[in-house]
Amino acid sequence: LTVVYVFFKERLGQDIEYYGIYLLIGVIIYTHFAKTTGTTMTVFVGLKNLTTSVILPKETMILSGTLAFSIEFAISLVILLALALISGVPMSARWILIPVVFVMQLLLLNWGSMALAASYVFVRDTDYIYEIFRRLLIFMTPIFYSVESMDGVARLILLLNPLTYIISFARQIIIDG
């Protein structure tokens, strides 16, 4: 993270106040999304015996996977807020909206994981395709740069990405207050 901070601070983050926290917000939200969707995608195939022998809603398997990873996400958000305070970001009453960011991320994860898990049952190569997509997604998500710094097609791609809105909302709450 330090190498990324030093590299992008001079190139893309020179006009962004509290760029370290700005970067950390994007990294935490993107990493949680990528790790959770990548893991829960294989839940139906991985728990094949359970899905075929026990009568239970299949959605609960996805939900349990996303909730398991969300504990780590919640802890990361608490540490992020502590680091923001240490970095000099003023505490704001808007910080009370952090649970909304958590819920938005959880909803996106459940929908995305469900779609990926359903497709993985029929097309096992979904795992490899999604791995490539995640590598592209890191650059199509405003982690290192702001949406305002992009224009044209690049900006349109950013605005079509739901992670853009979650990350931007978290940044507005934490940094802008």
Side-chain angles (χ1 to χ4, degrees), residues 1 4 20-84 94-145 147 157-176:
L1 188 60
V4 172
I21 299 301
Y22 184 92
L23 178 64
L24 193 57
I25 292 169
V27 168
I28 287 172
I29 291 174
Y30 171 79
T31 303
H32 178 245
F33 176 82
K35 185 171 33 169
T36 303
T37 53
T39 304
T40 56
M41 172 176 34
T42 61
V43 74
F44 291 151
V45 174
L47 299 174
K48 184 178 179 180
N49 292 334
L50 186 61
T51 58
T52 57
S53 63
V54 178
I55 299 173
L56 84 140
K58 306 302 183 254
E59 300 86 22
T60 57
M61 294 177 167
I62 300 291
L63 185 60
S64 66
T66 56
L67 286 176
F69 281 106
S70 294
I71 294 169
E72 178 186 339
F73 182 57
I75 293 169
S76 296
L77 288 176
V78 170
I79 293 170
L80 170 68
L81 292 176
L83 288 172
R94 289 177 122 190
W95 283 19
I96 200 158
L97 295 173
I98 290 295
V100 175
V101 172
F102 185 83
V103 170
M104 288 170 57
Q105 177 87 341
L106 196 61
L107 288 172
L108 179 62
L109 284 170
N110 281 325
W111 282 103
S113 296
M114 228 167 283
L116 286 167
S119 66
Y120 186 77
V121 169
F122 299 106
V123 182
R124 300 291 166 90
D125 288 342
T126 304
D127 189 22
Y128 302 112
I129 295 166
Y130 188 62
E131 180 65 31
I132 294 167
F133 176 73
R134 281 191 303 189
R135 290 175 193 260
L136 293 173
L137 185 64
I138 197 165
F139 297 106
M140 296 186 304
T141 305
I143 297 171
F144 316 113
Y145 51 85
V147 177
I157 290 171
L158 285 177
L159 295 176
L160 291 174
N161 182 352
L163 281 173
T164 298
Y165 299 99
I166 296 172
I167 291 171
S168 297
F169 184 55
R171 287 174 175 159
Q172 286 176 356
I173 291 171
I174 295 169
I175 296 173
D176 298 336

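Computed from a prediction, not measured in an experiment: that's the story for all the values here. Along the sequence shown, the residues carry numbers beginning at 1.
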- Item | Interatomic distance, Thr37 atom OG1 to Met114 atom CE [nearest 0.5 angstrom] | 13.0 Å
- Message: Check this for me: Trp111, atom CH2, are more than 12 non-hydrogen atoms of other residues, nucleotides or ligands nearer than 6.0 Å?
- Response: no
- Message: If you count heavy atoms of other groups shown closer than 6.0 angstrom to CG of Leu136, is the number above 12?
- Response: yes
- Pi-cation contact, Phe133 with Arg135 (under 6.0 Å, within 45°): no
- Query: Got a donor-acceptor contact below 3.5 angstrom from the Tyr120 side chain to the Val43 backbone?
  - Reply: no
- Item | Parallel, tilted or perpendicular: rings of Phe73 and Phe102 (30°, 60°) | parallel
- Task: Determine, step by step, whether Thr40 and Leu116 satisfy the side chain to side chain contact (heavy atoms under 4.5 Å, CB included) criterion, reporting the C-alpha distance in whole Å, the side-chain angles of both residues, the deciding distance to 0.1 Å, and the verdict.
- Result: CA-CA 8 Å; Thr40 56; Leu116 286 167; over 6 Å; no
- Message: Please check: side-chain N/O of Ser113 versus main-chain N/O of Asn110, any donor-acceptor pairing under 3.5 Å?
- Response: no
- Item | Audit row: Leu137, Asn161, side chain to side chain contact (heavy atoms under 4.5 Å, CB included) steps and yes/no | CA-CA 9 Å; Leu137 185 64; Asn161 182 352; 3.5 Å; yes
- Item | Test side chain to side chain contact (heavy atoms under 4.5 Å, CB included) applied to Val101 and Ile174, Leu106, Ile166, Ile167, the passing residue | Ile166
- The reported gap from CD1 in Ile132 to CZ in Arg134 (rounded to nearest 0.5 angstrom) is 11.0 Å
- Query: Counting N and O atoms only, with roles assigned by atom type, does the side chain of Thr141 sit under 3.5 Å from a partner on the main chain of Ile138, one being a donor and the other an acceptor?
  - Reply: no
- Output yes when a side-chain donor or acceptor of Arg171 lies under 3.5 Å from a complementary backbone atom of Tyr22, and no otherwise. yes
- dist Gln105:CD -> Leu109:CG (nearest 0.5 Å) comes out at 4.5 Å
- When rounded to the nearest 0.5 Å, the distance separating OG of Ser119 from CE of Met41 is 7.5 Å
- Task: Flag the pair Thr126 / Ile129 as yes when at least one side-chain heavy-atom distance between them is below 4.5 Å, and no otherwise.
- Result: no
- Task: Could you pull out the closest heavy-atom pair between Ala84 and Trp95, with the gap in Å?
- Result: CB-CH2, 4.2 Å
- Between CD1 on residue Ile29 and CZ on residue Phe169, distance to nearest 0.5 Å: 10.5 Å
- Residues Leu108, Tyr165; criterion side chain to side chain contact (heavy atoms under 4.5 Å, CB included); working and verdict: CA-CA 11 Å; Leu108 179 62; Tyr165 299 99; over 6 Å; no
- Message: Main chain of Phe33, side chain of Thr36: is a donor-acceptor contact present, judged purely on distance under 3.5 Å?
- Response: no
- Correct closest heavy-atom pair for Lys35 and Thr39 would be O-OG1, 2.9 Å
- Take Leu160 and Met140 through the test side chain to side chain contact (heavy atoms under 4.5 Å, CB included) and record every step on the way to the result. CA-CA 10 Å; Leu160 291 174; Met140 296 186 304; over 6 Å; no
- Message: Rounded to the nearest 0.5 Å, what separates atom CD1 in Ile98 from atom CD1 in Ile173?
- Response: 5.0 Å
